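Please read these numbers as outputs of a predicted model, since none were measured by experiment. FYI, side chains are in, hydrogens and waters are out, and symmetry mates aren't considered; it's all heavy atoms of this structure. Convention: sequence-line order gives letters A, B, ...; per-chain numbering from 1.
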Amino acid sequence: MTKRLSPGLVLYGLIAILYSLMLIEIKPQDPAVFFLWLMSLWVVIVRLRFNLIARWYGLDLLAYAILLVCFDVALYLVVPSLVLFLSAGKTWPVGVFALSWFIVSPRTDSLLFFGVAGLLGGGVLFIWQRDVNAMRHEQDSLREKVYRLEQERALILKEQETLSRVSVLAERDRIAQKLHDDLGHQLTGALMALRAYVADRPDAQEHGSFAGLNNRLEGAVDSLKATVHATKPDEAVGLERFKTLIESFEAVPTKYAQSGDVSVLCVTHWHVLLGVLQESLTNVLKHADATQIDIDLTVTQQIIRLTVKNDRPRINRSKHGVGLIYMRRRLEALGGALNIQQDITFTVRALLPIELEVV
Amino acid sequence: MKTVFELALLRAFRQKLTIALMGVFPLVLIFLPQPAGMTTPALSYGIFGLVMLFSAFLLSKQLIEDRQYRTIVRIAAAPISHRAYLLGHLLAYGVLMGVQLSVFWVLSLFRWDAPTTFYLYGYLTLVVFAVTAISFCLFWHAMFRTYATSISIFSIVANLMAVVGGMSFPLQFLPDRLRQVAIVLPTYWYAYALELLGEGASLTFGLSLMILLGFAIIFVTIGSKRRFA
């Protein structure tokens with residue numbers, strides 16, 4: 001794996017070169033100086049290895065001051081300048097360092113040149129590092145966006161599947177209802193009328209065609225009952241499903257109120273409302289320590305309003321998750337809106353027009 | 001940490017060849033004749049430093065093998081901190097090295113007739129160098145991915161370090177130019193401390209030990225970084 005040239009690597013290289021240069025000055029017979037050199041090297045390594053907070057610059061400055069006294073070569077000050085610039089991104093340590101440098105240093109001739117070179121070098125490295133960080137940040141945010149989009153895509157696919165299934169179920173329910181209410185009643189009525197007619201005419205009972213007609217009608221009614229039973233979905237749909245969801249939520253006591261004519265709601269309405277209700281109830285469980293949830297479904301001539309309100313605010317104040325964000329987009333796509341209100345209570349309010357913009 | 005320490009000891013004892021070599025070499029060194037004119041067994045102590053370096057290397061191979069065979073990933077998933085893992089292992093190696101150097105030191109007491117100060121401060125020097133050797137090996141293993149690469153380069157570098165550092169011959173024979181380079185090696189300061197011991201303990205001797213400990217701190221600082229590959 002090839003490593004790209006980065007400000008960090010350049011800094012390591014510079015430090016290695018400058019610390020090697022310092023070694024030339026150290027006499028083997030002078031272990032004290034070597035010890036100080038070793039300790040200052042350790043300080044630099046600690047700084048680079050652990051990425052310490054700015055408070056630790058005092059330790060760095062001490063090490064550099066020791067070096068300055070021992071070696072009396074301004075060149076070495078390039079190192080701390082670079083280190084300070086790169087690892088800080090803050091100006092005050094540089095100011096403190098520059099001040100202490102001018103106070104402690106016995107030399108002033110090459111001081112200015114190396115000082116300026118160090119500061120400029122450090123500045124360049126710092127800007128470079130900042131650019132690298134900005135690029136990394138951008139890459140990370142792009143990655144996050146891709147991740148969120150993938151999550152949304154999965155949600156959309158899942159919803160599409162659910163919607164088509166619910167549509168089929170709703171259609172089956174409607175057909176079963178129609179068969180039961182219209183055809184069923186007609187057939188039963190005809191059977192009853194036939195039986196009433198035959199009851200007054202004993203001679204007709206013996207007539208074969210009446211018996212055949214009676215049997216056929218009984219068979220048709222039984223067959224219709226079986227068909228209605230088979231067609232009616234086992235799973236609840238529409239309002240029934242909505243109520244089942246509220247009743248099955250046992251973690252927190254719920255209070256449900258409904259007003260207006262809910263029969264005007266289509267499959268898409270119910271599907272979206274169910275999604276909002278489910279998401280809101282899940283959110284209460286996850287983020288609030290609620291003791292009561294009020295659910296209100298109001299249908300007017302123009303709009304449908306679903307309000308889910310719990311009596312406690314959110315404990316976990318994290319940003320709205322993918323669920324609520326997606327729900328908001330879905331509502332907005334259909335010409336509706338999602339409103340979240342938080343004070344001493346937490347309220348989710350979903351608005352949907354009766355006439356949907358996009359289905 | 002106690003569990004890791006015990007496990008590290010157990011694993012070390014399973015390396016039968018390493019344990020045997022750690023036991024045999026001090027015995028061999030005891031019978032090494034001292035060069036004429038030397039009042040202290042500094043040369044045997046110096047070569048024993050090389051033995052310690054190799055012993056620490058062979059013991060600490062567990063660390064690189066854990067990385068090589070991805071055991072470190074499983075350890076990271078276990079409820080053991082990296083610090084406990086590292087401290088447990090290093091302590092176990094320290095105990096084994098301590099036993100080895102103590103055996104050598106006791107044998108050297110009977111074998112050579114040197115001043116008491118040499119033995120007292122010599123023991124201290126051995127202990128400090130053992131710490132440096134272990135931390136150096138931790139640092140060394142951190143630089144490689146496989147044990148095979150690590151040992152093949154180490155066998156050359158360690159011998160070079162011993163020669164350039166003046167462990168296998170009296171330090172006064174070391175040329176000045178080479179000495180200027182050798183000061184960056186911990187082996188030089190070990191040999192330097194042993195040489196100073198002949199003249200009795202001094203501030204410079206103390207500084208040599210401090211430098212060895214300084215090296216140890218630097219090696220541990222770099223080598224302790226958790227790596228998975």
Tabulate, with distances rounded to 0.1 Å, every donor-acceptor pair spanning chain B and chain A at under 3.5 Å.
from    : atom 1 : to       : atom 2 : distance (Å)
A:Leu23 : O      : B:Gln180 : NE2    : 3.1
A:Ile26 : O      : B:Gln180 : NE2    : 2.7
A:Trp42 : NE1    : B:Thr221 : OG1    : 2.9
A:Arg49 : NE     : B:Thr221 : O      : 2.7
A:Arg49 : NH2    : B:Ser224 : OG     : 3.1

If you draw a 6.0 Å radius around CD in A:Gln139, do more than 12 non-hydrogen atoms from other residues or ligands fall strictly inside?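 Counting other residues, nucleotides and ligands, CD of A:Gln139 exceeds 12 neighbours.
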For B:Val184, is it the side chain, the backbone, both, or neither that has a heavy atom closer than 4.5 Å to a heavy atom of chain A?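 Contact with chain A involves both backbone and side-chain atoms of B:Val184.
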B:Phe154-B:Phe54 aromatic ring centre distance below 6.0 Å: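 Yes, ring centres under 6.0 Å apart.
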Restricting to non-hydrogen atoms, name the atom on [X] and the atom on [Y] that form the minimum distance, rounded to 0.1 Å.
| X | Y | result |
| --- | --- | --- |
| B:Ala8 | B:Ala92 | CB-CB, 3.6 Å |
| B:Ala191 | B:Gly165 | CB-O, 3.4 Å |
| B:Leu63 | B:Leu138 | CD1-CD1, 3.6 Å |
| B:Leu96 | B:Ala12 | CD1-CB, 3.5 Å |

